[in-house]
Engineer: 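Just passing along the structure, written as structure tokens.
Being a predicted model, the structure only gives us computed values, none of them experimental.
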Amino acid sequence: MSQTRWTEVDRYFEGLLAPPDPILDAALAANRAAGLPAHDVSPGQGKLLHLLARGIGARRVLEIGTLGGYSTIWLARALPADGHLVTLEVDPGHAAVAAGNLARAGLAGVVEVRVGRAAESLAELAAGRPEPFDLVFIDADKANNPEYFACALALCRTGSLIVVDNVVRDGAVTDPDSPDASVRGVRRLAEMLSGEDRIEATAVQTVGSKGWDGFVIALVTADPRPSTRIR
Ligand code: SAH
Ligand code: DHB
Ligand code: MG
């Protein structure tokens, strides 16, 4: 009663609520052909990201961890024609596959793929003092989750959503002595969230085709921008 059934249930709901889509299917096929790891969100999870972005009327989205752009397509499709999505990817090969997938999806004008280490790209982004992002999806190297969350928060506004992927990892998150850098990164993030008074957050476990995992979903509840914050 586990992975097989979880996958069957995902397939059941996907068949009705996230049916095959030539663009998304082509993106996954291109990722496979290029040898990318199958670390994309599931269709149901992609649709959740899409609905969250659409539900808040997001116009500007930031993604940390592009891979082949599968989650990027779900998110970018939630944006209005003049919307903008910036996605950060360290691996030039991954970024090139993503660029192809996004072009085929007709999203090249909406999405900007920035190649480089996310910590550096985030510092460069912040230096440009951009309009705040309405939604941030954090899905890169989990060891740096706390640093990415802090940078993301400073790029948001009151009412923005920050979503973090892969925070459960088969339950490993509860081990305080885990030597796994990803687990330690998630635990450090959770502790940071519990003491952060500018957000309200929850963590939701998921099972499905991607196994047992989960998301953190955080709502920015007070102005997080360093320059505009009134103390
Ligand atoms: N969001 C994607 C999956 C991302 S997988 C989807 O759901 O479709 C994680 C990605 O983060 C990988 O492509 C990996 O190369 C990238 N990554 C890992 N470390 C990074 C870093 N330091 N900076 C930017 N990207 C990084
Ligand atoms: C891994 C990374 C992901 O972003 C994901 O969704 C699943 C697995 C990984 O690094 O193993
Ligand atoms: Mg992920």
Engineer: Hey, quick one: are Phe137 and Leu153 part of the same hydrophobic cluster, counting side-chain heavy atoms closer than 4.5 Å, chains of contacts allowed?
Structural biologist: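 No: no chain of side-chain contacts under 4.5 Å links Phe137 to Leu153.
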Engineer: Assess whether a salt bridge exists between Arg11 and Glu14, defined as any Lys/Arg side-chain N lying under 4.0 Å from an Asp/Glu carboxylate O.
Structural biologist: yes
Engineer: Check whether any side-chain heavy atom of Val173 sits under 4.5 Å from a side-chain heavy atom of Arg187, and report yes or no.
Structural biologist: yes
Engineer: Could you measure the distance from the CZ atom of Arg104 to the CD1 atom of Ile73? Nearest 0.5 Å is fine.
Structural biologist: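 It comes to 8.0 Å.
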Engineer: What are the two closest heavy atoms between Ala98 and Leu67, and how far apart are they?
Structural biologist: CB-O, 3.5 Å
Engineer: Using a 4.5 Å cut-off on heavy atoms from C-beta on, say whether the side chain of Leu49 contacts that of Leu51.
Structural biologist: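 They are not in side-chain contact.
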Engineer: I'd like to know if the side chain of Arg59 and the backbone of Asp134 have a donor-acceptor N/O pair within less than 3.5 Å.
Structural biologist: no
Engineer: Looking only at heavy atoms, which two atoms of Ser178 and Arg184 are closest? And how far apart?
Structural biologist: O-NH1, 2.9 Å
Engineer: Pair Gln3, Thr7 - check side-chain hydrogen bond (donor to acceptor under 3.5 Å, both in side chains), show working.
Structural biologist: CA-CA 6 Å; Gln3 187 56 62; Thr7 300; 2.8 Å; yes
Engineer: Does CZ belonging to Arg54 count more than 12 external heavy atoms closer than 6.0 Å?
Structural biologist: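 Count not over threshold, so no.
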Engineer: Got a second to check how far Asn166's CG is from Asp139's CG, nearest 0.5 Å?
Structural biologist: 5.0 Å
Engineer: Over all heavy atoms of both residues, which pair between Ala78 and Ala53 is shortest? Give the atoms and the distance, please.
Structural biologist: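 Nearest pair, atom of Ala78 first, then Ala53: CB-CB, 3.7 Å.
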Engineer: Do Leu155 and Val61 sit in the same hydrophobic cluster, where Ile, Leu, Val, Met, Phe, Trp and Tyr count as joined when their side-chain heavy atoms come under 4.5 Å apart?
Structural biologist: no
Engineer: Flag yes if Leu122 and Leu135 sit in one hydrophobic cluster, no otherwise; membership is Ile, Leu, Val, Met, Phe, Trp, Tyr, and two members link when side-chain heavy atoms are under 4.5 Å apart.
Structural biologist: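 Not linked; separate clusters.
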Engineer: Given side chains that start at C-beta, do those of Asp170 and Asp213 come closer than 4.5 Å, heavy atoms only?
Structural biologist: no
Engineer: Identify the two heavy atoms, one from Val216 and one from Ala203, that lie closest to each other, and give their separation to 0.1 Å.
Structural biologist: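 Result for this residue pair: CG2-CB, 4.0 Å.
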Engineer: In a check of side chain to side chain contact (heavy atoms under 4.5 Å, CB included) between Gln45 and each of Tyr70, Trp74, Phe215, which one passes?
Structural biologist: Phe215
Engineer: Counting distance only, does the side-chain N/O of Asp141 pair as donor-acceptor with the main-chain N or O of Ala143 below 3.5 Å?
Structural biologist: no
Engineer: Determine whether Val168 and Phe149 fall in the same hydrophobic cluster, where Ile, Leu, Val, Met, Phe, Trp and Tyr are linked whenever their side-chain heavy atoms lie under 4.5 Å apart.
Structural biologist: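 Yes, same cluster.
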Engineer: Looking at Leu88, is its backbone amide N or carbonyl O close enough to the side chain of Thr66 to form a donor-acceptor pair, meaning the two atoms are under 3.5 Å apart?
Structural biologist: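 Such a contact is found between Thr66 side chain and Leu88 backbone.
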Engineer: Is there a donor-acceptor contact under 3.5 Å from the side chain of Arg169 to the main chain of Gly214?
Structural biologist: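 Here the side-chain-to-backbone pair does not exist.
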Engineer: Could you check if a side-chain atom of Glu89 sits within less than 4.5 angstrom of a side-chain atom of Asp91, using non-hydrogen atoms only?
Structural biologist: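 The answer is yes; the side chains approach within 4.5 Å.
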Engineer: Would the distance check show the side chain of Ser71 and the main-chain N or O of Val41 forming a donor-acceptor pair, the cut-off being under 3.5 Å?
Structural biologist: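 No, Ser71 side chain to Val41 backbone: no donor-acceptor pair under 3.5 Å.
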Engineer: Please walk me through it: do Phe133 and Ser160 pass side chain to side chain contact (heavy atoms under 4.5 Å, CB included)?
Structural biologist: CA-CA 7 Å; Phe133 290 94; Ser160 299; 5.8 Å; no
Engineer: Test your reading of the model: is there a side-chain donor-acceptor pair from Asn144 to the backbone of Glu147, 3.5 Å cut-off?
Structural biologist: no
Engineer: Strictly distance-based, threshold 3.5 Å: is any side-chain N or O of Lys142 a donor or acceptor partner for the main-chain N or O of Val167?
Structural biologist: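 It does not hold such a pair.
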Engineer: Under 4.0 Å between a side-chain nitrogen and a carboxylate oxygen: does that hold for Arg77 and Asp21?
Structural biologist: yes
Engineer: Is there a donor-acceptor pair closer than 3.5 Å between any side-chain N or O of Lys210 and the backbone N or O of Asp40?
Structural biologist: yes
Engineer: Search all heavy atoms of Tyr148 against all heavy atoms of Ala140 and return the closest pair with its distance.
Structural biologist: CE1-CB, 4.1 Å
Engineer: Quick check: are there more than 12 heavy atoms from other residues, nucleotides or ligands sitting under 6.0 Å from CD of Glu200?
Structural biologist: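 Open: at most 12 neighbouring heavy atoms sit under 6.0 Å from CD of Glu200.
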Engineer: From Leu107 CG over to Leu85 CG, what is the distance, rounded to the nearest 0.5 angstrom?
Structural biologist: 9.0 Å
Engineer: Among Pro130, Cys156, Pro132, find the residue that satisfies the side chain to side chain contact (heavy atoms under 4.5 Å, CB included) test when tested with Arg60.
Structural biologist: Pro130
Engineer: How many angstroms lie between CG in Asp197 and OG1 in Thr221, if you round to the nearest 0.5 Å?
Structural biologist: 7.5 Å
Engineer: Please evaluate residues Thr87 and Glu112 with respect to the criterion side-chain hydrogen bond (donor to acceptor under 3.5 Å, both in side chains), reporting the C-alpha separation (whole Å), side-chain torsions for both, the decisive distance (0.1 Å), and the verdict.
Structural biologist: CA-CA 6 Å; Thr87 183; Glu112 180 191 342; over 6 Å; no
Engineer: Looking only at non-hydrogen atoms, find the nearest pair between Ile199 and Ala201 and report the distance.
Structural biologist: CD1-CB, 3.7 Å
Engineer: With distance as the sole test, does Asp10 use its side chain to make a donor-acceptor pair with the main-chain N or O of Ser209 at under 3.5 Å?
Structural biologist: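 Yes, Asp10 side chain to Ser209 backbone: donor-acceptor pair under 3.5 Å.
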Engineer: Got a donor-acceptor contact below 3.5 angstrom from the Asn101 side chain to the Gly68 backbone?
Structural biologist: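 Here the side-chain-to-backbone pair exists.
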Engineer: Looking at Glu120 and Arg114, is any side-chain nitrogen of the basic one under 4.0 Å from a carboxylate oxygen of the acidic one?
Structural biologist: no
Engineer: Assigning hydrophobic clusters by single linkage (Ile, Leu, Val, Met, Phe, Trp, Tyr; side-chain heavy-atom cutoff under 4.5 Å), is Val164 placed with Val90?
Structural biologist: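 Looking at the clustering, Val90 is in a separate group from Val164.
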Engineer: Are the side chains of Leu161 and Val136 in contact, using a 4.5 Å heavy-atom criterion?
Structural biologist: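 Of all side-chain heavy-atom pairs linking Leu161 with Val136, none is under 4.5 Å.
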Engineer: So how far is it from Ile138 CD1 to Leu62 CG, rounded to the nearest 0.5 Å?
Structural biologist: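 Separation between the atoms: 8.0 Å.
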Engineer: Give, for atom CD1 of Ile64 and atom SG of Cys151, the distance between the pair rounded to the nearest 0.5 Å.
Structural biologist: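 Rounded to the nearest 0.5 Å, the CD1-SG separation comes out at 7.5 Å.
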